[in-house]
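Inspection log for the structure reproduced underneath, given as structure tokens.
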Amino acid sequence: MKHFYLTTAIDYANGKPHMGHAYEKILADVIARYQRLCGQKVHFLTGLDEHGQKVQQTAEKEGITPQQLCDHVILDFKNMCDLLHISYNDYIRTTERRHRAVVRDVLQKLFEKGDIYLSEYRGFYCPRLEQFLQKKDKVKGRWPEELGEIIEISESNYFFRLSSYRPWLISYIEEHPNFIFPRFRARQVLEFLKTEVNDLCISRPQERLAWGIPLPFDERYVTYVWFDALLNYVSAIGYGEERFEDYWPANFHIIGKDILTPAHAVYWPCMLKAMGLEMPKTLLVHGWWLASGEKMSKSVGNVIRPLDYVRHYGADAFRYFVMREMMIGQDCDFSHERFVARYNGDLGNDLGNLVSRLLHMLQRYSHRIIPQMELRETEERVLQQQWQDISQKVSKFYRELAIPMALESLWEMVRSLNRFAEIRAPWQLAKSSDGRDKKKLETTLAIMAEGLRLVATALQPVMPKVSQFICYALGVSLAEDSDLSQDLVWSHRLVGHRVEGPMVLFPRVKM
RNA sequence: CGCAGGGUGGAGCAGUCUGGUAGCUCGUCAGGCUCAUAACCUGAAGGUCCCCGGUUCAAAUCCGGGCCCUGCACCCA
């Protein structure tokens with residue numbers, strides 16, 4: 001069976017995990033979990049990009065080897081994944097043998113095919129920065145003092161014939177509207193492709209950069225950035241082996257808008273084309289989290305620390321917030337006030353309080369046993385009908401990656417359940433000695449419990465632990481590989497089950 | 001300059017592709033309820049959908065023009 005294969009970008013080992021890393025992984029995880037619940041065999045890949053100048057430099061500064069640095073940094077990234085409940089199936093490091101072997105294999109093939117050639121590169125080199133400068137680095141037509149001596153040198157390097165694939169790529173993007181999501185991003189790429197693109201320099205001489213994968217056909221060089229990093233998407237699933245066919249093409253490459261152009265929308269498709277492979281189905285491009293309207297960046301120092309929120313409010317609350325707030329593709333502001341508003345409002349008052357009041361009532365009026373649903377009056381029918389509509393909408397929204405809308409729809413159901421309690425008023429019915437009122441009371445509790453189970457089930461991709469916990473509290477289990485098409489159907493499966501005592505899932509917090 | 005995104009009741013957003021009662025959350029005001037996390041439920045007020053022009057029976061939505069905000073330095077999802 002073909003896998004549903006999705007990837008995040010691999011994180012660069014020269015830094016700590018931040019908001020963007022957390023969001024991208026959560027987004028991927030939500031999609032992965034949803035697909036699993038739809039019966040897909042999901043393969044979710046993430047990983048670490050370990051080579052390159054920055055890593056080499058940082059390691060030197062700290063007096064350790066680059067590999068030691070990576071071995072250390074990876075702990076932070078994996079730890080973040082664990083804390084966020086990221087259900088990746090594979091984690092690739094670009095220093096692993098399986099990756100290096102594929103990179104060298106691909107390079108060799110493309111070299112033999114004539115897609116890679118040796119050429120002279122002439123430019124202005126700054127020994128202090130250990131890199132070439134560009135025209136835009138000039139200030140008032142001169143190189144800035146602080147860069148020290150600048151020398152014009154020419155250097156031989158290997159190039160990939162990117163330019164020859166440009167016409168093909170333009171028509172591919174034009175003919176495949178789903179290739180880049182959201183669609184407006186494709187326009188940007190086409191805009192970029194309007195002007196001539198240069199062939200891509202893919203090597204660095206070992207004297208300048210030792211921390212990389214040597215070119216198989218010329219060991220004096222290592223391969224530079226993209227022919228290393230991008231290939232993780234195929235090296236991790238056994239490129240060259242038989243099993244590769246079970247995974248490729250990827251359903252989603254999930255990336256930030258910064259690495260769409262040119263890396264993922266230009267280099268990668270052309271590389272794949274050169275390799276004779278199919279294109280990934282969709283590049284899913286998300287925007288950036290801003291802090292009070294400003295870009296979050298290490299240099300400005302206004303970085304939101306996701307793990308602080310996870311620690312205080314739980315991973316699922318954090319997952320809920322980022323999924324509820326950000327329309328995929330747009331930028332979105334992260335502010336503490338908004339977080340607390342969502343937390344107290346949606347999670348505490350609406351969902352958490354619903355759980356709390358229902359469990360209280362079940363304890364008080366039904367000895368913690370979920371009673372029969374015997375009556376079926378207009379109110380009950382309306383509620384069930386509403387769930388039919390909502391569950392369909394939610395599934396549609398999940399499929400279309402409109403996750404904030406999926407959650408909004410689910411919350412309609414939460415509110416309807418709270419409203420239903422108000423209409424039926426079990427606390428009134430409990431005072432009556434009429435047998436019919438007793439049935440009404442029982443039915444009300446049973447209906448609310450089932451409604452809550454359905455909401456929790458549909459919420460599972462976004463809030464896996466909370467969903468499971470609510471179901472557990474209602475006396476049933478919820479597996480991560482259960483079948484949504486079954487579990488989202490209104491049922492009587494809770495009847496007779498013993499429930500947990502009252503609990504507070506999301507204690508209110510002060511601003 | 002160019003490119004891209006955005007400009008919708010007090011705040012934050014959806015709706016724009018595929019024209020047809022302007023929707024959601026929060027906030028405000030009034031009321032209800034007491035099972036519940038001072039929660040929940042009901043009702044109300046509040047909008048020239050940035051501006052101008054065009055197409056159309058009909059425009060937030062399509063077309064033309066203009067204004068304003070943001071991003072396109074290193075780092076970075």
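Just so we're on the same page: letters track the sequence lines, and every chain starts at 1.
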Next item on the list: Please say whether the positively charged group of A:Arg342, taken as NZ for Lys or CZ for Arg, lies over the ring of A:Phe321, i.e. under 6.0 angstrom from the six-membered ring centre and within 45 degrees of the axis.
Entry: no
Check: Considering Watson-Crick and G-U wobble pairs with both distances under 3.5 Å, what does B:rU70 pair with?
Finding: B:rA4
Check: How would you label the contact of A:Arg508 with the nucleic acid (heavy atoms, under 4.0 Å): base, sugar-phosphate, or nothing?
Finding: base
Next item on the list: Return the minimal non-hydrogen interatomic distance between A:Arg185 and A:Gly329, and the atom names on each side.
Entry: NH2-O, 3.1 Å
Check: Any salt bridge between A:Asp76 and A:Lys16, counting N to O under 4.0 Å?
Finding: yes
Checklist line | A:Gln428 side-chain N/O to B:rU34 phosphate OP1/OP2 under 4.0 Å | finding: yes
Notebook entry, point to check: B:rA77, B:rC33, B:rA14: which one has an atom nearest the side-chain heavy atoms of A:Met327?
Noted result: B:rA14
Notebook entry, point to check: Any chance NZ of A:Lys439 has more than 12 other-residue heavy atoms, nucleotides or ligands included, within less than 6.0 Å?
Noted result: no
Checklist line | Strand partner of B:rU34, provided both Watson-Crick or wobble distances fall under 3.5 Å | finding: none
Next item on the list: On the 0 to 90° scale, with breaks at 30° and 60°, tag the A:Tyr23-A:Trp289 ring pair as parallel, tilted or perpendicular.
Entry: perpendicular
Next item on the list: Provide the closest heavy-atom pair for A:Ala229 versus A:Asp49 in the form atom of the first, atom of the second, distance.
Entry: CB-OD2, 3.8 Å
Check: Of A:Glu412, A:Met413, A:Arg419, which is the lone residue that meets side-chain contact (heavy atoms from CB on, under 4.5 Å) with A:Arg415?
Finding: A:Arg419
Note to self: Quick check for you: among B:rU25, B:rU37, B:rA77, whose closest atom lies nearest to any side-chain atom of A:Glu24?
What the structure shows: B:rA77
Next item on the list: Would you please classify the geometry between the A:Trp226 ring and the A:His264 ring as parallel, tilted or perpendicular, with 30° and 60° separating the classes?
Entry: perpendicular
Notebook entry, point to check: In residues 431-441 of chain A, what residues come within less than 4.0 Å of RNA chain B, judged by heavy atoms?
Noted result: none
Check: Want to settle it: does A:Ser416 or A:Ala421 sit nearer the 5' end of RNA chain B, counting the closest nucleotide to each?
Finding: A:Ala421
Notebook entry, point to check: Do the rings of A:His21 and A:His18 sit parallel, tilted or perpendicular, given the 30° and 60° boundaries?
Noted result: tilted
Note to self: So if I take residues 382-410 of chain A and measure heavy-atom distances to RNA chain B, which residues fall below 4.0 Å?
What the structure shows: A:Met405, A:Glu408
Notebook entry, point to check: Looking for any heavy atom pair under 4.0 Å, which part of the strands does A:Asp258 touch: base, sugar-phosphate only, or nothing?
Noted result: sugar-phosphate
Margin query: With a 6.0 Å cut-off (strictly less than), is the heavy-atom count around NE2 of A:His497, excluding the residue itself, greater than 12?
Written below: yes
Notebook entry, point to check: What is the nucleic acid contact for A:Gly256, judged by heavy atoms within less than 4.0 Å: base, sugar-phosphate only, or nothing?
Noted result: sugar-phosphate
Margin query: Need one value for A:Arg338: base, sugar-phosphate or nothing, where a base atom within 4.0 Å counts as base even if backbone is also close, heavy atoms only.
Written below: sugar-phosphate
Check: B:rG7 and B:rG47: how far apart are their C1' atoms, nearest whole angstrom?
Finding: 15 Å
Next item on the list: In whole angstrom, give the distance that lies between atom CE of A:Met326 and atom P of B:rA14.
Entry: 11 Å
Next item on the list: Please determine, for the side chain of A:Trp289, which listed nucleotide (B:rA77, B:rC35, B:rC40) has the closest atom?
Entry: B:rA77
Notebook entry, point to check: P atom, B:rG10 versus B:rU18: distance in rounded Å?
Noted result: 32 Å
Margin query: Does A:His336, at its NE2 atom, have more than 12 non-hydrogen atoms belonging to other residues, nucleotides or ligands within less than 6.0 Å?
Written below: yes
Checklist line | A:Arg33 bridged to A:Asp29 by N-O distance under 4.0 Å | finding: yes
Notebook entry, point to check: NA contact type, A:Leu358, heavy-atom cut-off 4.0 Å: base, sugar-phosphate, or nothing?
Noted result: nothing
Notebook entry, point to check: Which part of the nucleic acid, if any, lies within reach of A:Phe506 when heavy atoms closer than 4.0 Å are counted: base, sugar-phosphate only, or nothing?
Noted result: base
Next item on the list: Would you mind classifying the nucleic acid contact of A:Gly345 as base, sugar-phosphate or nothing, using non-hydrogen atoms under 4.0 angstrom?
Entry: nothing
Notebook entry, point to check: Rounding to a whole Å, what distance do you find between A:Leu347:CG and B:rU37:P?
Noted result: 17 Å
Check: When you compare B:rU16 with B:rU8, how far apart are their C1' atoms, in angstrom units rounded to a whole number?
Finding: 11 Å
Margin query: If you only use heavy atoms from C-beta on, which nucleotide in B:rA77, B:rU42, B:rU37 is closest to the side chain of A:Ile259?
Written below: B:rA77
Margin query: In whole Å, measure the gap between the P atoms of B:rA22 and B:rA44 for me.
Written below: 16 Å
Notebook entry, point to check: Between B:rU37 atom C1' and A:Lys510 atom NZ, what is the distance in whole Å?
Noted result: 12 Å
Next item on the list: Classify the nucleic acid contact of A:Gln330 as base, sugar-phosphate or nothing, counting any heavy atom under 4.0 Å across all strands shown.
Entry: sugar-phosphate
Checklist line | Between C1' of B:rC26 and OH of A:Tyr343, the distance in whole Å | finding: 18 Å
Note to self: Taking the C1' atom in each of B:rG15 and B:rG6, what is the distance between them to the nearest angstrom?
What the structure shows: 15 Å
Margin query: For B:rA77 and A:His21 - does any side-chain N or O of the residue sit under 4.0 Å from the phosphate oxygens OP1/OP2?
Written below: yes
Margin query: Under 4.0 Å, heavy atoms only, any strand: does A:Asp350 hit a base, just the sugar-phosphate, or nothing?
Written below: sugar-phosphate
Note to self: Reading RNA chain B from 5' onward, which residue's closest nucleotide shows up sooner: A:Val414 or A:Arg324?
What the structure shows: A:Arg324
Next item on the list: Determine: side-chain N/O of A:Asn349 to OP1/OP2 of B:rC40, distance under 4.0 Å, yes or no.
Entry: yes
Note to self: Suppose you measure atom P in B:rG27 against the same atom in B:rG20; what distance do you get, rounded to whole Å?
What the structure shows: 31 Å
Check: Is there a Watson-Crick or G-U wobble partner for B:rC29 with both distances under 3.5 Å, and which nucleotide is it?
Finding: B:rG43
Notebook entry, point to check: Taking CZ from A:Arg185 and C1' from B:rC17, how many angstroms apart are they, rounded to a whole number?
Noted result: 17 Å
Check: Which pair of heavy atoms, one from A:Val322 and one from A:Met19, lies closest together, and at what distance?
Finding: CG1-CE, 3.6 Å
Next item on the list: Would you kindly give the CG-to-P distance between A:Asp346 and B:rU37, to the nearest whole Å?
Entry: 19 Å
Notebook entry, point to check: To the nearest Å, how far apart are A:Asn418 CG and B:rU37 P?
Noted result: 13 Å
Margin query: Side chain of A:Arg419, heavy atoms from C-beta onward: which of B:rU37, B:rC41, B:rU34 has the nearest atom to it?
Written below: B:rC41
Next item on the list: Give a yes or no on whether A:Lys281 atom NZ has more than 12 heavy-atom contacts from other residues, nucleotides or ligands under 6.0 Å away.
Entry: yes
Next item on the list: Take atom P in B:rA45 and the same atom in B:rU61, then report the distance between them in whole Å.
Entry: 26 Å
Check: Reckon A:Leu27 touches a base, only the sugar-phosphate, or nothing at all at heavy-atom distances under 4.0 Å?
Finding: nothing
Note to self: Rounding to an integer number of Å, can you tell me how far A:Met413 CE sits from B:rC24 P?
What the structure shows: 18 Å
Note to self: With rounding to the closest Å, how many angstrom separate the C1' atoms on B:rC62 and B:rG43?
What the structure shows: 38 Å
Note to self: Checking contacts here: which listed nucleotide (B:rU25, B:rC35, B:rA14) is nearest the side-chain heavy atoms of A:His360?
What the structure shows: B:rC35
Check: Whom does B:rC17 pair with, Watson-Crick or G-U wobble, provided both distances fall under 3.5 Å?
Finding: none
Next item on the list: Would you classify A:Arg415 as touching base, sugar-phosphate or nothing, given that sugar-phosphate means primed atoms plus P, OP1 and OP2, and contacts are heavy atoms under 4.0 Å?
Entry: sugar-phosphate
